[in-house]
Amino acid sequence: MNITIKNIRGEECACNALIYLFSEGGSEGLKKLPPTIASLIKQVFSKEFSGKQNEVFLMKAPDSVEPERILLVGLGKKDQISAEKVRQAGGKAATYLRSMGMKRAALSTDFLFGLKISPVEFIEGALLGLYTYRRYKKDEDKRSLESITLLAKSSHELTEGLRRVEMLTDAVCFARDLVNTPANDMTPNDIAKAALSLRTRHLSVKVLDRNDAKKLGMGAFLAVAKGSKEEPRFIVLDYKGAKGAPVVLIGKSITFDSGGISLKPSDGMEKMKYDMAGGAAVLGAMKVVAALRLPVHLIGILPATENLPSGTATKPGDVVRSLNGKTIEIINTDAEGRLVIADAIAYAKRMKPRAIIDIATLTGACLIAFGNETIAMMGNDRKLIDALKKSGEDTYERVWEMPLFEEYKEYLKSDIADIKNIGGRNGGLVTAAYFLYEFAGETPWVHLDIAGTAWTEKEKPYVPKGASGIGTRLIYAILKELK
Ligand code: BES
Ligand code: MN
Ligand code: ZN
């Protein structure tokens with residue numbers, strides 16, 4: 001997709017479709033348009049088109065102007081218009097124009113500048129919305145929107161904003177590709193290859209295999225990997241954009257979660273290829289941070305393995321010793337995410353990090369509590385929690401805090417080991433996080449559960465069906481603000 005800026009008026013812009021944004025009932029915007037276009041829009045306003053959020057209406061343009069067609073896009077009630085509404089409009093407009101076979105679009109930006117919202121938000125929505133996953137399809141559908149021209153005066157702010165949003169959306173789509181790819185083509189080693197593809201002068205990658213993990217004593221990580229013939233990979237990325245203590249990102253990277261011996265029901269099990277969406281979000285974040293050279297020391301850790309049942313698999317009741325020495329009684333082999341993250345946290349703590357953020361499709365309970373709209377957040381550091389809340393609002397990858405009251409510690413008491421890996425049926429979202437808290441200890445740490453948000457069955461204006469790529473934008477947003 002080609003994004004350009006041109007300082008001309010809409011009626012002068014040769015394109016397949018010229019986009020005008022309107023608020024609900026906001027026909028006062030018509031005064032600024034050339035009379036031929038204004039009178040045409042007036043005829044449909046409040047009848048075929050009223051400006052409701054994400055409403056679109058395409059019509060033929062008058063012969064006297066350059067664009068072939070005009071697309072009206074609704075932003076909803078004027079006092080409720082936000083950056084997010086504009087991103088959604090971008091996604092909606094771009095995918096609609098593509099479905100109509102349009103190739104070249106232009107956006108009139110006067111209305112947005114009037115609202116003090118950058119047209120870059122519209123482009124972000126368009127670039128995210130146009131994503132498709134076609135690796136296994138004979139490409140019968142060749143329709144694509146090839147360019148959007150922003151009708152605006154060029155400025156450093158605008159070109160920089162476009163450059164950043166192209167990198168950011170590229171990283172989100174990179175993460176989506178990893179998650180959408182089925183487990184037979186997205187093994188732990190394939191994830192390692194994806195990580196290695198991100199190497200630059202400032203970003204190095206280290207990949208540990210089963211033997212390395214054994215030597216280090218990663219008993220929890222290995223307990224999950226034990227049932228699979230596929231070699232596990234413990235992947236460490238190190239981006240040195242600044243000196244000093246690193247921020248560590250940990251992404252759950254179970255490339256397929258069958259549950260292990262505590263086997264999941266077969267209904268819907270195919271979805272468990274997305275159990276590495278946390279790892280994909282971390283890779284996406286590393287990719288954009290490195291591309292934009294953010295001044296931060298950032299480590300990414302991806303404990304990558306399958307979780308399968310077999311003659312060598314971990315059995316319910318087995319006790320293993322994790323990297324920090326704690327013994328874990330594995331009551332349920334389907335609670336595997338917390339095991340691999342526990343070892344990753346122990347590994348991270350050796351780097352004396354200033355903060356750890358882990359992101360994981362950790363619990364079905366998250367999905368039950370929040371549906372597909374909200375990331376569950378728990379942590380031990382108020383500043384980090386509040387910063388993530390703010391980044392969540394800015395990116396619309398919204399997070400909601402849940403408690404880590406000390407009473408939950410009880411739930412994880414084992415009769416024969418230091419801790420057990422499940423806390424019983426109730427409070428599953430919180431006890432999973434509490435398990436991780438026992439490993440994070442005093443180190444500033446936040447856990448993000450994306451089980452409900454990493455995959456969508458229903459397409460949204462800028463999130464096509466399948467992997468949402470959630471987490472990359474959220475983490476980038478908080479790192480950008482970090483001082
Ligand atoms: N990967 C799953 C959680 C999950 C469920 C993610 C649905 C996305 C959609 C995780 O490993 C898991 O199986 N959790 C168990 C924990 C239980 C055994 C305590 C769960 O939530 O059922
Ligand atoms: Mn599981
Ligand atoms: Zn899992």
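Both ligands and their constituent atoms are indexed starting at 1 by order of listing.
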Return the orientation label for the Y408 and F405 ring planes: parallel under 30°, perpendicular over 60°, tilted otherwise.
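Geometry flag for F405 against Y408: parallel rings.
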Should the ring pair H447 and W445 be called parallel, tilted or perpendicular, given that the plane angle runs from 0 to 90° and is split at 30 and 60?
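H447 vs W445 ring planes: parallel.
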What do we get for K271 next to ligand 1 when only non-hydrogen atoms under 4.0 Å count, side chain, backbone, both or neither?
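It is neither part, as no heavy atom is under 4.0 Å.
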Mark the output for [X] as yes if a heavy-atom distance to ligand 1 is under 4.0 Å, and as no if none is.
{"X": "Y274", "value": "yes"}
{"X": "K252", "value": "yes"}
{"X": "M276", "value": "no"}

Does [X], backbone or side chain, put an N or O under 3.5 Å from an N or O of ligand 1?
{"X": "D334", "answer": "yes"}
{"X": "E336", "answer": "yes"}
{"X": "D257", "answer": "yes"}

Only heavy atoms of T361, strictly under 4.0 Å: list the atoms of ligand 1 that pass.
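With T361 as reference, the close atoms of ligand 1 come out as 1 (N), 2 (C), 3 (C), 6 (C).
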By side chain to side chain contact (heavy atoms under 4.5 Å, CB included) - contacts of D212 (at least two apart):
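Residues passing side chain to side chain contact (heavy atoms under 4.5 Å, CB included) with D212: L208, D209, K215.
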Could [X] and [Y] be counted as a cation-pi pair, given that NZ or CZ must be under 6.0 Å from the ring centre and within 45° of the axis?
{"X": "R87", "Y": "F122", "value": "no"}
{"X": "R398", "Y": "Y396", "value": "yes"}
{"X": "K273", "Y": "F256", "value": "no"}

Check this for me, if you would: do [X] and [Y] make a salt bridge, where the nitrogen-to-carboxylate-oxygen distance has to be below 4.0 angstrom?
{"X": "E459", "Y": "K465", "answer": "no"}
{"X": "K206", "Y": "D238", "answer": "no"}
{"X": "E481", "Y": "K390", "answer": "no"}

Among the N, O or S atoms of D257, the one nearest the Zn ion (ligand 3):
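Looking only at N, O and S atoms of D257, the one nearest the Zn ion (ligand 3) is named OD2.
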Of the protein's non-hydrogen atoms, which lies at the shortest distance from atom 19 (C) of ligand 1, and what is that distance?
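Heavy-atom neighbour on the protein nearest atom 19 (C) of ligand 1: I422 CG2, 3.5 Å.
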L362 near the Zn ion (ligand 3) via N/O/S, less than 2.8 Å:
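So L362 does not bind the Zn ion (ligand 3) by this criterion.
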For the Zn ion (ligand 3), does an N/O/S atom of E336 lie at less than 2.8 Å?
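Yes - counting backbone and side chain alike, E336 has an N, O or S atom under 2.8 Å.
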Greater than 12 external heavy atoms within 6.0 Å of R321's CZ
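Counting neighbours around CZ of R321, 12 or fewer heavy atoms of other residues, nucleotides or ligands fall under 6.0 Å, so no.
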What is the number of protein N/O/S atoms located under 2.8 Å from the Mn ion (ligand 2)?
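For the Mn ion (ligand 2), the figure is 4.
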Close side-chain approach of F234 and M218, heavy atoms under 4.5 Å:
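Yes, their side chains come closer than 4.5 Å.
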Option set L339, L362, V224, criterion heavy-atom distance to atom 3 (C) of ligand 1, minimum
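It is L362 that holds the nearest heavy atom.
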